[in-house]
Every structure is written in structure tokens, then in C-alpha cells.
Amino acid sequence: MYRKLAALVLAAALLCSCSARVTVQRYPAELPRAESPAATPTPEPVPTFTEEQKAYGSAALLTDATVLVNVFLNDAAHGHTWDAESRAAAVQRTQLAIDWITEQAAGHEAAVNLICDRSADGSDSTLTRSYLVQSAMQGGENSEESSAFLDEMDTLCASLAADSRLAAYGARHIAFLFFLPISGTSFTMAHYADDGDSFYYEYSCLYKTDAYTDGEAESPATYAHEILHLFGAPDLYEGSSDPYVDEALVSYVADTYPGDIMLSTYEDDGSSRFDAITKEISPLTAYCLGLTDTCPELAQFPLLADMTPGVFSYGADGEAGSAEAGESWPGAVAV
């Protein structure tokens, strides 16, 4: 889930997975509809951000009204496109994920307002777009997308955020869900407080199929996991890029909250569910998201107590993630 700062590192484990399986890429027969916006987006002048915005990024707390914009990426030249059926299925899985997040937050006595495309087929032209990608998409189990791809997505975010039609929703916050028509391991680029006004816009990259499940579509649980990253939820498994998620905390979560969605998105047998999300937002994750004021773990894990809910930072050493991952994806940290 996280973000970039000059000379950063990418988290080696982007998404909690079971055992690795064969990667299968499937390409639809139909070409996408007309692309929007233009292939070379031209953002408005860079806005001036407040100190609060510099800390949180474009998606602040889950309790703040936030617009989520779907963007279906296409690369027709290489046969990587979305057909109408697959596009509609992805939109419906997104809706299921957002409804689940809303229900889970209510269980912690918190209200969320995530504004998304509620059409059955992704036909809301304001909240669901298509875009013709210029840089290559790579995918795979490590999802080592290029710096050129990440830069293009940053520029696209700024361009879309400037769309005056989004002002009709009256929300101060915005984030983007980029749907890639290939197999990969989904990840999120989230803003870090240390970045200030750089890398302000936050987005999740959601692959059409899961690189670890023999060509199955990404599940609603994966969508929910990545969306929660946008609002400050850390990965709670070994390899997490967050500095306060250490071995002791990972072990504790596995024993105490085995169903936490930030620990794993898979069922106990390694399969995925597409009709429902069976995971939970644990009290610990609820605290990290700012849904609650406290959690039972604060006394036991002092590093957790020092974090600001909804805000990511690089920690005392100014780094996050693993150096090995950074070699293949310099200048980025992801979850």
C-alpha cells in the first residue's frame, strides 16, 4: 500500500499470499470503448496543499467522504484490454468490497462515506473511466511495474482529480482504482507524511487475475484489502513495509485476529470467495484506520502507539520496505 519518496524501496510482499501457483493471463476478444481522458493527460497547475493534506495525502481518514474513481487501463496493441463482461464484474466486486468496509466500520460504531460507481456495468462516466496506457504493464507475482508506468499513473491521477464533474459530490478527498487487464499481485501506492506535497494522489492497482491462483480473478477481499491501504491500514503479515509491523506484532495478529483482512485475503484453504468477504477489520486495524480511538494492543506494542491513525511514515530510519525489492523498483514503496 504505500508511497514514494526519492530513493525509496518497494515492499517485497505486496499482498499476503498463499503458495505461488502458475500465472495465467487471459485477454478478452472485444476491444474497449473509446478511451477517456486523452492518452497524454495534461494536469492543471499543481495545487497548494495544507499541512494536513501533506500528512494524509488525497485519501485521508476512512470516516471522511471520499470519491473513488475507477480507471480501466487498456493496451490494445498488445492484446491487453477489458471487455464489457469483465469490466462489469470488476465494478461489482468493487461495490461488494466498499459495502463490506461500510458494514465493518459500523461494527466499530463508525460511519464511512466512500463514493463509487453504483451502476451494474461501470457505465457512470464520471466515476468509471477507460484509459489507453502508453507505458508497458508487466504484472506477475512481484508486480514490478516500471517507474515509467508509476509516473504515468501519477500524472493521470492529477488530471482526473482536476475534473470539475467530481466537485458535484462535495467530497474533499479522492483516490483512484486502476484496473490492469493482466495477471499480477495487486498493490497500492499510498502517500507518506514524509513526502509532504509530493506523490499526493493515492491509488490502488488491481489486476484482472491473481498471479497466485491459476488465473482466477482478483477477489472482492483483495479489493477491500487494497482500498483499506489507501486510508492507513498496514499489512499485518511477514514482509510488511510498515516500520511498526515487526515479527512480534505479526505473530500476535496471526494468533489473536486470524481473520483480519490485512493479514490475508484468502480463505483457510487458500481459495478465494467471490460472493462474499468472510474476513474482518480487527480492533487493531480499526485503530490504524482511525475508526476507533484506541485498541487493546497499544500498551503491548509501543511502536503502534506512536503512529498517527490514517497516516503512513517511513519510521525513524527514514526507510520502509526491503532493499532487495527497491533494486527492481527504485523510488517507490508499495503495499
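Only a predicted model underlies this, so the values are computations on that prediction, with no experimental measurement involved.
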Any side-chain to backbone donor/acceptor pair from [X] onto [Y]? Under 3.5 Å, distance only.
X    : Y    : result
Q53  : T50  : yes
S240 : L236 : no
Q95  : S119 : yes

Roughly how far, to the nearest 0.5 Å, is [atom2] of [Y] from [atom1] of [X]?
X    : Y    : atom1 : atom2 : result
S183 : M137 : OG    : CE    : 12.5 Å
T285 : E297 : OG1   : CD    : 9.0 Å
R165 : L127 : CZ    : CG    : 9.5 Å
Y200 : S58  : OH    : OG    : 6.0 Å
D235 : L263 : CG    : CG    : 9.5 Å
S159 : D154 : OG    : CG    : 12.5 Å

> Transitively linked via ILVMFWY side-chain contacts under 4.5 Å: L289 with V311?
Replying inline: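 Looking at the clustering, V311 is in a separate group from L289.
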> With P302, which residues qualify under side chain to side chain contact (heavy atoms under 4.5 Å, CB included), at least two apart?
Replying inline: none
Do you know which two heavy atoms are closest between [X] and [Y], and how far apart they sit?
X    : Y    : result
A221 : T265 : CB-O, 3.6 Å
Y257 : S282 : CG-CB, 3.6 Å
Q138 : S146 : NE2-N, 3.4 Å
W100 : L228 : CZ3-CD1, 4.3 Å
E152 : S135 : OE1-OG, 2.5 Å
P220 : A97  : O-CB, 3.6 Å

> Tell me, which pairs form a salt bridge (charged side-chain N to carboxylate O under 4.0 Å, His left out) where one or both residues lie in residues 103-118, sequence neighbours left out?
Replying inline: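 Output for this query lists D99-R118.
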>> Determine whether L177 and C205 satisfy the following criterion, side chain to side chain contact (heavy atoms under 4.5 Å, CB included), listing intermediate values before the conclusion.
In response: CA-CA 6 Å; L177 305 180; C205 287; over 6 Å; no
> Which is it for E226 and S186 under the side-chain hydrogen bond (donor to acceptor under 3.5 Å, both in side chains) test, yes or no, and what are the steps along the way?
Replying inline: CA-CA 7 Å; E226 297 303 333; S186 296; 5.5 Å; no
>> Evaluate M307 against Y287 for side chain to side chain contact (heavy atoms under 4.5 Å, CB included), listing each step before the verdict.
In response: CA-CA 10 Å; M307 62 86 68; Y287 174 77; 3.9 Å; yes
>> Walk me through whether Y169 and N113 qualify under side-chain hydrogen bond (donor to acceptor under 3.5 Å, both in side chains).
In response: CA-CA 11 Å; Y169 295 101; N113 182 15; over 6 Å; no
> With sequence neighbours left out, what residues match R172 under salt bridge (Lys or Arg N to Asp or Glu O under 4.0 Å)?
Replying inline: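 If we apply the salt bridge (Lys or Arg N to Asp or Glu O under 4.0 Å) test to R172, skipping adjacent residues, there are no hits.
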> Who pairs with D306 by salt bridge (Lys or Arg N to Asp or Glu O under 4.0 Å), at least two apart in sequence or on another chain?
Replying inline: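 Salt bridge (Lys or Arg N to Asp or Glu O under 4.0 Å) list for D306, sorted by chain: empty.
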Any [X] side-chain heavy atom under 4.5 Å of [Y] side chain:
X    : Y    : result
D260 : K279 : no
E280 : Q104 : yes
W82  : L180 : no
V71  : L156 : yes
E216 : F274 : yes
F187 : E145 : yes

Among side-chain atoms of [X] and [Y], is any donor-acceptor pair under 3.5 angstrom?
X    : Y    : value
D83  : S86  : yes
E218 : T209 : no
E141 : T185 : no
Y266 : D210 : yes

Using a 3.5 Å cut-off and no angle test, enumerate the donor-acceptor pairs between side-chain atoms of residues 60-70 and protein atoms at least two apart in sequence or in another chain.
unit_1, atom_1, unit_2, atom_2, d
D64, OD2, L61, N, 3.3
T66, OG1, D64, O, 3.0
N70, ND2, T128, OG1, 3.1

Considering residues at least two apart in sequence or located in another chain, which fulfil the side chain to side chain donor-acceptor pair (under 3.5 Å) criterion with [X]?
X    : answer
S204 : T188
E51  : K54
D275 : R273
S219 : T222

>> The test is side chain to side chain contact (heavy atoms under 4.5 Å, CB included); show your working for I101 and I227 and say whether it passes.
In response: CA-CA 9 Å; I101 290 171; I227 290 170; 3.8 Å; yes
>> Please determine whether the number of non-hydrogen atoms from other residues, nucleotides or ligands lying under 6.0 Å from atom CG of D255 exceeds 12.
In response: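 Correct, the count exceeds 12.
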Go through the structure and list residues passing ring-ring contact (aromatic ring centres under 6.0 Å, His included) with [X], not counting sequence neighbours.
X    : result
F179 : F72, Y223
Y252 : F301
F178 : Y203

> For S272 and E267, what are the C-alpha separation, side-chain angles and deciding distance, and is it a side-chain hydrogen bond (donor to acceptor under 3.5 Å, both in side chains)?
Replying inline: CA-CA 6 Å; S272 297; E267 301 300 300; over 6 Å; no
>> Before you tell me yes or no, could you show the steps for D75 and L132 under side chain to side chain contact (heavy atoms under 4.5 Å, CB included), namely the whole-Å CA-CA distance, both residues' side-chain angles and the distance that decides it to 0.1 Å?
In response: CA-CA 6 Å; D75 181 1; L132 187 60; 5.6 Å; no
>> I'd like to know whether Y192 forms a side-chain hydrogen bond (donor to acceptor under 3.5 Å, both in side chains) with D194, so could you lay out the CA-CA distance, the side-chain angles of the two residues, the decisive distance to 0.1 Å, and finally the verdict.
In response: CA-CA 5 Å; Y192 276 65; D194 316 64; over 6 Å; no
>> Just to verify, which of L303, L284, D242 counts as forming a side-chain contact (heavy atoms from CB on, under 4.5 Å) with L249?
In response: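 With L249 as partner, side-chain contact (heavy atoms from CB on, under 4.5 Å) holds for just one option, L284.
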>> Parallel, tilted or perpendicular: which one describes the rings of Y201 and F49, with boundaries at 30° and 60°?
In response: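 It falls in the perpendicular class, over 60°.
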